[in-house]
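Each chain gets a letter, A, B and so on, in the order its sequence line appears, and its residues count up from 1. The analysis underlying the following values was restricted to heavy atoms, covering all of them including side chains, and did not include hydrogens, waters or symmetry mates.
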Amino acid sequence: MKIVNNPKKTKTKQYSTSEDVLKKLEGKHPVISLILEHRSLSKLKNTYVDTLPELINKKTGRIHTTYTQTITSTGRLSSQNPNLQNIPIRNERGKEIRKCFIPLKDDHLLMAADYSQIELRIIAELSGDESMIEAFKKDLDIHRLTAAKVFKIKLEEVTDDQRRQAKMVNFGIIYGISAYGLSERLGIKRHEAKELIDAYFEEYPAIKKYMEAQIEFAKKHGYVETIMKRRRYLADINSANSVVRGFAERNAINAPIQGTSADMIKIAMINIHCHLNQKQLQSKMIMQVHDELILDVPKEEVEVVSSLVKSCMSNAIRMKIPLKVDLQTAKNWLEAH
DNA sequence: AATTTCACG
DNA sequence: ACGTACGTGAAATTA
């Protein structure tokens, strides 16, 4: 439609209409917002609203997913037919879908328990970074603290936007950050993103060292490993193609973090299952969403099961960093969050 | 069958 | 100059 001069193309040379691209074009033509709105609605209708009711099992009256242990490269589970690890929550209409997930019986509740900031805690543990370890020991707001550090201001002076930017940097660290990736997400210039990253590494020097050490380890051995020794092999780590090598380097950083988190919740799940059995409880562990467990719990078991779940999750793997588990019960999945 | 888009952590 | 944030699965579109 000639809305923009050099429109972004996909790798097959089509004009890209991805959400990222359309968001930047919003306001330049009235149709853009309408397309985004229609996309969002048709996604929810086609993927969830029209589909999930068809998948209710006649015998059990419930929807059953299949968890697969051998698909992901990091050790996470994946969920298929249907995928119950991508049920909407981020926007208001999506939340209505999550509300449909309810307990088996009237006198039961759903319990949702999730690890707080698990991947940042793991990188703090693996890197041994003193100031990040301190922050978690004091249970500080890690994104606010990071903002204070990289912008060289006091905690009280951090604005919402600075905190938002620092949060993006923290996420970027876990993914194996690049100045380009950060600049795209923050809508800033690449050199500004680079300055943010440099400031970050000055404040958390052990994290920088850890990331370099992971890449070195991968180059030498051809794989990286989690705290429980789960390996991810990285065939491209010594590639002469810098783009291909860059992918492998970011995997070398991310896989031990995401994989350690996966190891941890799997151990927690085994222990929770054993305890529920031993104590002959009626409660059932019904879903896992990477850093979260959902249980169906008779009301009279809420107290015993919540402390059982919290302790199994908090103590799954012995670490120096304290782990934090948020847990709530409610009459549907949305409100248990 | 491959690609694009978008839902989640 | 290149062209990237990590990990998935499902539905719709394109080839």
Do A:E37 and A:S40 get their side chains close enough for a donor-acceptor pair, meaning under 3.5 Å? no
B:dC6 phosphate, OP1 or OP2, under 4.0 Å from A:S18 side-chain N/O: no
Should the pair A:E216-A:K220 be classified as a salt bridge under the 4.0 Å nitrogen-to-oxygen rule? no
Could a donor-acceptor pair under 3.5 angstrom be found where the side chain of A:R245 meets the base of C:dG3? no
Nucleotide nearest A:M168 (side chain, heavy atoms from C-beta), chosen from C:dA5, C:dG9, C:dC6: C:dA5
Side-chain donor/acceptor of A:R250 to base of C:dA5, under 3.5 Å: no
For A:K194, salt bridge (charged side-chain N to carboxylate O under 4.0 Å, His left out) partners two or more places apart: A:D198
If stacking means aromatic ring centre less than 5.5 angstrom from the base's six-membered ring centre, planes under 30°, is A:Y180 stacked on C:dT4? yes
Checking C:dC6, B:dG9, B:dA7 against the side chain of A:H290 (C-beta onward), the nearest is B:dG9
At under 4.0 Å, does any side-chain N or O of A:T47 touch on OP1 or OP2 of B:dA7? no
Salt bridge flag under 4.0 Å for residues A:K331 and A:E335: yes
Determine whether a donor-acceptor pair (one donor, one acceptor, N or O, separation below 3.5 Å) exists between the side chain of A:R232 and the base of C:dG7. no
May I ask you to evaluate whether A:Q14 reaches the phosphate of C:dA15, defined as a side-chain N or O under 4.0 Å from OP1 or OP2? yes
Under 4.0 Å: is that the gap between some side-chain N or O of A:N46 and OP1 or OP2 of C:dA10? no
Of the listed B:dT3, C:dC6, C:dT4, the closest approach to the A:S178 side chain comes from C:dT4
Ionic contact status for A:K229 with A:D263, cut-off 4.0 Å: no
What is the distance, rounded to the nearest whole Å, between atom CD1 of A:I257 and atom C1' of C:dA5? 13 Å
Using the P atoms only, state how far B:dC6 lies from C:dA5, rounded to an integer number of Å. 15 Å
So which one's nearest nucleotide on DNA chain C is more toward 5', A:S73 or A:V243? A:V243
Establish, with yes or no, whether the OP1 or OP2 oxygen of B:dT4 is under 4.0 angstrom from a side-chain nitrogen or oxygen of A:T10. yes
Here the distance between atom C1' of C:dA12 and atom CG of A:L44, to the nearest Å, is 15 Å
Would one find a side-chain N or O of A:R98 under 4.0 angstrom from OP1 or OP2 of B:dA7? no
Does the structure show a Watson-Crick or G-U wobble partner for C:dC2, both distances under 3.5 Å? Name it, or say none. none
Residues, nucleotides or ligands: over 12 heavy atoms within 6.0 Å of A:D160 CG: no
Using OP1 and OP2 only, check whether a side-chain N or O of A:S79 sits under 4.0 Å from C:dG9. no
Would you please confirm or rule out a distance under 4.0 Å between OP1 or OP2 of B:dT4 and any side-chain N or O of A:T12? yes
Which whole-number value in Å describes the distance from A:I122 CD1 to C:dC6 P? 18 Å
Would you indicate, yes or no, if C:dG3 has its OP1 or OP2 atom less than 4.0 angstrom from a side-chain nitrogen or oxygen of A:N241? no
Between A:R39 and B:dC6, does any side-chain N or O lie under 4.0 Å from OP1 or OP2? yes
Within less than 4.0 Å of OP1 or OP2 of C:dA5, is there a side-chain N or O belonging to A:N254? no
